[in-house]
Amino acid sequence: MKDLKRTRIKELLQSEDFDRKVLIKGWIRTKRGNKNIAFIAVNDGSTINNIQAVVDVHSFDEELLKKATTGASLEISGTLAQSSGQGQSVEIQADNIFIYGEADPETYPLQKKGHSMEFLREIAHLRFRTNTFGAVFRIRHALTFAIHKYFHEKGFFNIHSPIITSSDAEGAGEMFRVTTLDPVNPPLNEKKEVDFSEDFFARPTNLTVSGQLEAELGALALGGVYTFGPTFRAENSNTPRHLAEFWMIEPEVAFNDINDNMDLAEEFLKYLIKYALENCKDDIEFLNKMVDKELLNTLNHVNESVFIRLGYTEAIEILEKADQKFEFPVKWGIDLQSEHERYLVEKHFKKPVILSDYPKDIKAFYMKQNDDGKTVRAMDVLFPRIGEIIGGSQREEIMEKLLGRIREMNLPEKDLWWFLDTRRYGSVVHSGFGLGFERLMLFVTGMSNIRDVIPFPRTPRNAEF
Ligand code: 4AD
Ligand code: MG
């Protein structure tokens, strides 16, 4: 069987071309049987489903079969046959087995099933091998692909915005410093402050919190652009929805106002959910069974809903009248907490909500100012189970207004000269938003902790793997 080529298990499970010789390579999930016959379930990552190899124990070396334990890697060749067993359509009648790497049952951490998510987080290097994480990371790939596909088909261009930057796009000051200065003995200026002119970039730099400002530059020439990259926030939030390193998709479109922006956000989210439902059926069905029994219902419901569009001021009125006690009291001017967002979405409307026109004092400097002098043309998309999944706005395109806000907020006007140039030359109405990729992943997979939808989560005090 030397020239037999390996076939992916996903492909074999769909095959009806029986009685031919096939070769698979993968890892053992389970082995069971008796003294005459063994059943080895093998997974190679191509699908959540295993293929079963039927092994005539007497035709194989006893020592070899002893090494075939859960977690061991191997190849099996044999005849593809229609299966008589329940729950599977095909099986392999094994002729040859070769073990690549053993997995000592005494120490292999995944020898048994049913570990808690917390335990699996501590062995993040191995959790890829579980059914749940296999499903999650296949879906993560599919959604990544769907995002590029969606924008490509709409004529958007992908912009690679920088990861190291000297600007704080969100103005929240939650940044990770990037420096090559000696932390023990940094160069000091006359005022005894750290002298960043001697640093690698000759200025203070940080990991980016958002690619938006650069996307705006691109949109004002290419029309519609999007970024899809890692972003970093040094906020000390230990919640199931916050990461210190997360991936964000940020479309930015010239000539779009806030209503166009809402239309884009709603269409985009529905496209992604539909893509996952159609292309990740087995994985989502598995998660629906094992992780969240309401998953499929929720995905279908959101897909079929027309999102509610509501002003912040009306939302506050609804929350003030709510028959529910909130941990954070509600009044006009507050930044909505996840409990408020979820009340609106899950209890009041029972649909996703696009909330707009927030108080300017709780939003970033670049947002389009409304005529009331109090609010800005911000929009957040709120989802069931998640709360805020998207944050965005129409941008302030008028130079004097933008400059006014930058000065009011004491932002470093001098350092933003390049951003202001877009308003100085050929300025247009434009809008965009940021979709938190892991928040989308939480929604689509039904997982409950954001640490479990990214391979190696970065959170306060945690960056081991
Ligand atoms: O609302 P945010 O802060 O908006 C921006 O960064 C804008 N520059 C986006 C834009 O208009 N281009 O973040 C956008 C989204 C949030 O709605 C949320 O889904 C996600 O990013 N997000 C986080 N996800 C995981 N961990 C965190 N710490 C997050 N912070 C924000
Ligand atoms: Mg936000």
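One-based numbering, in listed order, for ligands and for the atoms of each. Side-chain atoms are counted along with the backbone in the values below, which use heavy atoms only and exclude waters and symmetry mates. Being a predicted model, the structure only gives us computed values, none of them experimental.
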In the protein, which heavy atom is nearest to [atom], and how far is it?
atom	value
atom 6 (O) of ligand 1	Arg233 NH2, 2.8 Å
atom 16 (C) of ligand 1	Glu388 OE2, 3.2 Å
atom 14 (C) of ligand 1	Met248 SD, 3.3 Å
atom 18 (C) of ligand 1	Arg439 NH1, 3.5 Å
atom 20 (C) of ligand 1	Gly436 CA, 3.6 Å
atom 22 (N) of ligand 1	Phe246 CE1, 3.4 Å
atom 15 (C) of ligand 1	Gly434 O, 3.5 Å

Side-chain contact, heavy-atom cut-off 4.5 Å: Thr165 with Thr205?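 Result no, sub-4.5 Å side-chain heavy-atom pair not found.
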
Can an N or O of [X] be found at a distance shorter than 3.5 Å from an N or O of ligand 1?
X	answer
Leu243	yes
Gln212	yes
Ile389	yes
Ser210	yes

For ligand 1, note which part of [X] has a heavy atom under 4.0 Å away: side chain, backbone, both or neither.
X	result
Glu438	neither
Glu250	side chain
Phe433	backbone

Against heavy atoms of [X], which atoms of ligand 1 measure under 4.0 Å?
X	result
Gly391	1 (O), 9 (C), 10 (C), 11 (O), 17 (O)
Arg395	10 (C), 11 (O), 12 (N)
Tyr366	7 (C), 8 (N)
Gly392	11 (O)
Arg241	25 (C), 26 (N)
Ile390	17 (O)

If I take atom CZ from residue Arg458 and atom CD from residue Glu464, how far apart are they, to the nearest 0.5 angstrom?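 Result: 10.0 Å between the selected atoms.
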
So, taking the atom named CD in Glu216 and the one named CZ in Arg423, what distance separates them when rounded to the nearest 0.5 Å?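 The CD atom of Glu216 sits 4.5 Å away from the CZ atom of Arg423.
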
For atom CZ of Arg424, is the number of surrounding heavy atoms from other residues, nucleotides or ligands below 6.0 Å larger than 12?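 Counting other residues, nucleotides and ligands, CZ of Arg424 exceeds 12 neighbours.
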
Is the count of non-hydrogen atoms from other residues, nucleotides or ligands lying under 6.0 Å from Lys10 atom NZ greater than 12?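 No, the 6.0 Å shell around NZ holds no more than 12 heavy atoms from other groups.
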
Looking at the rings of [X] and [Y], which for Trp means the six-membered one, are their centres under 6.0 Å apart?
X	Y	answer
Phe443	Phe383	yes
Phe151	Phe268	yes
Tyr226	Phe433	no
Phe228	His148	yes
Tyr343	Phe326	yes

Heavy atom of [X] under 4.0 Å from ligand 1?
X	result
Glu170	yes
Phe232	no
Gln394	no
Glu252	no

What N/O/S atom of Glu388 is the closest to the Mg ion (ligand 2)?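 This turns out to be OE2.
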
Would you call the rings of Tyr271 and Tyr150 parallel, tilted or perpendicular, taking 30° and 60° as the class edges?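 The rings of Tyr271 and Tyr150 sit tilted, inter-plane angle from 30° to 60°.
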
Can you tell me how the ring of His115 sits relative to the ring of Phe119, calling it parallel under 30°, perpendicular over 60° and tilted otherwise?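 Tilted.
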
Between Asp44 and Arg8, is the closest basic N to carboxylate O distance under 4.0 Å?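 No salt bridge links Arg8 with Asp44.
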
Residues Ser393, Arg395; criterion side-chain hydrogen bond (donor to acceptor under 3.5 Å, both in side chains); working and verdict: CA-CA 6 Å; Ser393 75; Arg395 318 305 189 189; 2.8 Å; yes

Arg29 and Asn131: side chain donor to acceptor below 3.5 Å: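 Note: Arg29 and Asn131 side chains meet the donor-acceptor criterion.
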
